[in-house]
Amino acid sequence: MRKIAVAMAKGGVGKTTTAVNLAHGLSLAGHRVLIVDCDTQGQTAKFLGVAPPFGLYEFITGTDARGNPVAKKETLFPARENLWLLAGGINLVELKNWLGEQPREIRQAVLAKTLVPRDGALDYLIFDCAPGWDVLSVNILMAATEVLCPVALQGPALEGLKTFFGYLMSAQRMNQELQLKYVLPTLFDRRTRHSSEIYDVLRRLFSKQICEPIHYNVRLTEAPSSGQSIFEYSRHAAGAMDYHQLVRRIRNDA
Ligand SMILES: Nc1ncnc2c1ncn2[C@@H]1O[C@H](COP(=O)(O)OP(=O)(O)OP(=O)(O)O)[C@@H](O)[C@H]1O
Ligand SMILES: [Mg+2]
């Protein structure tokens with residue numbers, strides 16, 4: 001099973017868009033995929049047009065907000081064929097408070113310890129990380145083995161990148177299996193020189209990890225409002241082609 005964290009401290013760079021479309025693309029190709037939303041915004045469920053009653057909070061604590069027991073399998077929401085969701089949401093604030101009170105061993109590694117699917121039950125675990133850096137981000141990087149970093153080719157794109165890669169390196173000291181595997185340029189606008197310049201810098205810095213860019217595509221902006229992945233909303237759109245290419249690259253590395 002491959003465990004891929006879609007992570008970048010900067011907000012609005014296309015983490016959720018990438019996690020959802022990658023996960024759905026892999027499931028359409030016949031792989032069994034679990035997407036884990038680690039964000040208090042709980043966007044992953046909205047992007048998929050579902051409203052699971054339980055999620056990551058209940059999965060880890062084993063209870064609902066009132067303290068009633070919840071079985072692990074009830075927390076895994078079947079979002080599509082071959083695609084399950086462990087939803088995020090506002091109750092992850094509680095989870096972070098709870099984690100903050102735990103001894104270091106549990107605080108940093110609870111996800112790695114609890115998220116152990118039966119052999120062969122899943123082919124891919126995709127983590128949709130929150131912006132910023134907190135106790136849950138650390139947990140994800142303890143549970144994942146590959147990191148995919150979306151970098152928006154807009155505005156001050158390279159700002160904060162060094163700090164974020166510093167975080168990644170400190171996580172790698174705790175989880176030796178963790179690799180920065182993919183750098184994914186997003187929101188690529190070929191009409192602006194700025195986009196191409198940042199893309200060139202990324203290609204130079206990450207010659208092995210760099211992926212074909214995801215172009216700015218209005219269909220990708222619209223799809224979440226209808227609760228559909230790009231493959232459902234507009235499968236011939238440029239955004240669908242771009243994400244299809246990413247799915248292919250990741251499958252080819254298996
Ligand atoms: N390639 C793209 N073309 C057009 N719009 C896009 C593209 N990628 C993402 N978007 C839009 O940009 C916004 C931010 O994307 P998204 O929510 O995926 O970013 P994020 O990194 O998950 O944000 P956050 O850090 O808040 O979790 C969304 O409205 C999304 O629909
Ligand atoms: Mg997001």
Side-chain angles (χ1 to χ4, degrees), residues 4-25 35-50 55-56 79 85-90 92-93 96 126-134 136-137 139-141 144 147-161 163-164 167-168 182-192 194-196 198-199 202 210-247 249:
I4 306 175
V6 180
M8 178 48 66
K10 197 169 181 154
V13 296
K15 291 182 288 295
T16 303
T17 305
T18 298
V20 164
N21 289 308
L22 172 61
H24 191 222
I35 181 166
V36 185
D37 182 0
C38 305
D39 195 342
T40 51
Q41 299 177 93
Q43 293 275 44
T44 314
K46 286 180 209 144
F47 273 50
L48 285 166
V50 295
L56 185 57
L85 168 65
L86 251 183
I90 195 65
L92 294 185
V93 173
K96 288 191 235 186
I126 308 286
F127 296 97
D128 177 17
C129 297
W133 183 261
D134 61 20
L136 261 183
S137 325
N139 260 280
I140 296 162
L141 296 181
V147 183
L148 184 162
C149 291
V151 180
L153 301 182
Q154 284 190 351
L158 303 173
E159 209 174 75
L161 224 55
T163 318
F164 180 69
Y167 291 147
L168 273 189
Y182 306 102
V183 171
L184 178 69
T186 60
L187 297 164
F188 182 38
D189 182 351
R190 18 166 150 254
R191 292 164 306 177
T192 71
H194 185 57
S195 263
S196 306
I198 308 165
Y199 183 32
L202 290 176
I210 196 84
C211 302
E212 289 296 317
I214 306 291
H215 294 80
Y216 179 89
N217 178 232
V218 75
R219 298 281 176 260
L220 283 168
T221 318
E222 294 166 355
S225 326
S226 63
Q228 292 180 307
S229 80
I230 193 65
F231 304 114
E232 296 161 327
Y233 182 72
S234 187
R235 68 193 174 91
H236 297 299
M241 311 287 173
D242 286 349
Y243 275 109
H244 182 66
Q245 196 160 28
L246 178 69
V247 169
R249 162 136 188 205

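Read the numbers this way: they start at 1 and go in the same order the structure lists the ligands and their atoms.
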Verify the ring-centre separation between Tyr199 and Phe188: is it less than 6.0 angstrom? yes
Applying salt bridge (charged side-chain N to carboxylate O under 4.0 Å, His left out), name anything that partners Glu222, two or more places apart in sequence or on another chain. Arg219
Classify the side-chain pair Ser195/Tyr216 by whether it contains a donor and acceptor separated by less than 3.5 Å. no
What residue among Leu202, Val13, Asp189, Thr192 forms side-chain contact (heavy atoms from CB on, under 4.5 Å) with Leu153? Leu202
Under 3.5 Å: N or O atoms of ligand 1 paired with protein N or O:
from: ligand 1; atom 1: 1 (N); to: His215; atom 2: O; distance (Å): 3.0
from: ligand 1; atom 1: 3 (N); to: Asn217; atom 2: N; distance (Å): 2.9
from: ligand 1; atom 1: 3 (N); to: Asn217; atom 2: O; distance (Å): 3.3
from: ligand 1; atom 1: 5 (N); to: Thr221; atom 2: OG1; distance (Å): 2.9
from: ligand 1; atom 1: 18 (O); to: Thr16; atom 2: N; distance (Å): 3.4
from: ligand 1; atom 1: 18 (O); to: Thr17; atom 2: N; distance (Å): 2.9
from: ligand 1; atom 1: 18 (O); to: Thr17; atom 2: OG1; distance (Å): 2.5
from: ligand 1; atom 1: 19 (O); to: Gly14; atom 2: N; distance (Å): 3.1
from: ligand 1; atom 1: 21 (O); to: Gly12; atom 2: N; distance (Å): 3.4
from: ligand 1; atom 1: 21 (O); to: Val13; atom 2: N; distance (Å): 3.0
from: ligand 1; atom 1: 21 (O); to: Gly14; atom 2: N; distance (Å): 3.1
from: ligand 1; atom 1: 21 (O); to: Lys15; atom 2: N; distance (Å): 3.0
from: ligand 1; atom 1: 21 (O); to: Lys15; atom 2: NZ; distance (Å): 2.9
from: ligand 1; atom 1: 22 (O); to: Lys15; atom 2: N; distance (Å): 3.4
from: ligand 1; atom 1: 22 (O); to: Thr16; atom 2: N; distance (Å): 2.8
from: ligand 1; atom 1: 22 (O); to: Thr16; atom 2: OG1; distance (Å): 2.9
from: ligand 1; atom 1: 23 (O); to: Gly12; atom 2: N; distance (Å): 3.0
from: ligand 1; atom 1: 25 (O); to: Gly12; atom 2: N; distance (Å): 3.0
from: ligand 1; atom 1: 25 (O); to: Lys15; atom 2: NZ; distance (Å): 2.8
from: ligand 1; atom 1: 26 (O); to: Gln41; atom 2: NE2; distance (Å): 3.2
from: ligand 1; atom 1: 27 (O); to: Gln41; atom 2: NE2; distance (Å): 3.3
from: ligand 1; atom 1: 31 (O); to: Leu220; atom 2: O; distance (Å): 3.4

Are Lys15 and Asp128 ion-paired here, with the side-chain N under 4.0 Å from a carboxylate O? no
Has Gln41 got an N/O/S atom less than 2.8 Å from the Mg ion (ligand 2)? no
Does the side chain of Asp134 come under 3.5 Å of the side chain of Ser137 through a donor N or O and an acceptor N or O? yes
